[in-house]
Amino acid sequence: MATAIEIKPTESELEILQILWAKKSCTVRDVHEVLAQNKDAGYTTTLKLMQIMHEKGLVARDTSSKTHVYKALVNQQRTQQHLVTRMIDNVFNGSASRMVMQALGNHKASKEELDAIKQYLDDLSKK
């Protein structure tokens, strides 16, 4: 299993990981069908990406049946934490507040999301 230091999925690999995290396990066809809803993705490209991800240790492949089934080997929360930390360090010069302000300025947050953010900030300030 890949450690947090080794987690360096590409953007396309992250799209596949999102699908695997949501569905727990999938065939290449399952992943391809989801990807094809939002972008022009060829089946063989999806297959090759998932084979590469297997070689990198990002996914496991069960070959016990004719159709291979894949599942994520990297933890979603740890991967997200690693990528956010890398982004804060590399893009925002280590400033988490600059990243949050940029994200909220570029993306319309729902009332529920804003309430959750406020609650999270309140909880942090009480510590």
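We count residues from 1, following the sequence as given.
- The two atoms that bring His32 and Tyr43 nearest to each other are CE1-N, 3.3 Å, heavy atoms only.
- When all heavy atoms are compared, the tightest approach of Arg61 to Gln51 is NH1-CG, 4.0 Å.
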For this session: Show your working on side-chain contact (heavy atoms from CB on, under 4.5 Å) between Met50 and Ile16 and close with a plain yes or no.
Result: CA-CA 8 Å; Met50 292 179 75; Ile16 292 170; 3.9 Å; yes

Exercise. Is there a side-chain contact (heavy atoms from CB on, under 4.5 Å) between His68 and Thr63 once you walk through the steps?
Worked result: CA-CA 5 Å; His68 296 177; Thr63 59; 3.7 Å; yes

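- Side-chain heavy atoms closer than 4.5 Å link hydrophobic residues (I, L, V, M, F, W, Y) into clusters, and following such links, possibly through other members, connects Leu47 to Val59.
- In the hydrophobic clustering of ILVMFWY residues, with side-chain heavy atoms under 4.5 Å counting as a link, Val84 and Phe92 come out together.
- Counting heavy atoms from C-beta on, the side chains of Ile117 and Val100 never come closer than 4.5 Å.
- Distance CD/Gln18 to CG/Leu35: 11.0 Å, rounded to 0.5 Å.
- With no hydrogens or angles considered, no side-chain donor-acceptor pair links Thr67 and Ser65 at under 3.5 Å.
- Between Tyr70 and Val28, the shortest heavy-atom distance links the atoms CE1-CG2, 3.6 Å.
- Side-chain atoms of Thr85 come within 3.5 Å of backbone atoms of Gln81 as a donor-acceptor pair (strictly under, hydrogens ignored).
- Between the CD atom in Glu33 and the OG1 atom in Thr46 there is a gap of 10.5 Å [rounded to 0.5 Å].
- Closest approach of Asp122 and Ser125 over heavy atoms only: O-OG, 2.8 Å.
- The two atoms that bring Ile88 and Ser95 nearest to each other are CG2-N, 3.7 Å, heavy atoms only.
- At a cut-off of 3.5 Å, with distance as the only test, a side-chain donor of Thr27 or Asp30 sits close to an acceptor on the other residue.
- A donor-acceptor contact shorter than 3.5 Å links the side chain of Glu13 to the backbone of Thr10.
- Side chains of Met87 and Met99 form a contact here, defined as non-hydrogen atoms less than 4.5 Å apart.
- Enclosure of atom CG in Asp123 by more than 12 non-hydrogen atoms of other residues, nucleotides or ligands within 6.0 angstrom is indicated.
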For this session: With side-chain contact (heavy atoms from CB on, under 4.5 Å) as the test, would you mind laying out the steps for Met53 and Leu17 before giving the verdict?
Result: CA-CA 9 Å; Met53 291 172 71; Leu17 284 171; 3.7 Å; yes

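- Counting heavy atoms from C-beta outward, Lys71 and Lys23 have side chains that stay 4.5 Å or more apart.
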Problem set entry | Ile19 vs Val34, side-chain contact (heavy atoms from CB on, under 4.5 Å): CA-CA, chis, key distance, verdict | CA-CA 8 Å; Ile19 296 165; Val34 174; 3.6 Å; yes

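- Summarising the geometry, atom CH2 belonging to Trp21 is positioned 8.0 Å from atom CG belonging to Asn75; distances are rounded to the nearest 0.5 Å.
- In terms of heavy-atom proximity, Leu58 sits nearest to Pro9 at CD1-CB, 4.2 Å.
- Between Thr45 atom OG1 and Lys39 atom NZ the span is 9.0 Å, to the nearest 0.5 Å.
- The backbone N or O of Glu112 lies less than 3.5 Å from no partner atom in the side chain of Asp115, so there is not a single donor-acceptor pair.
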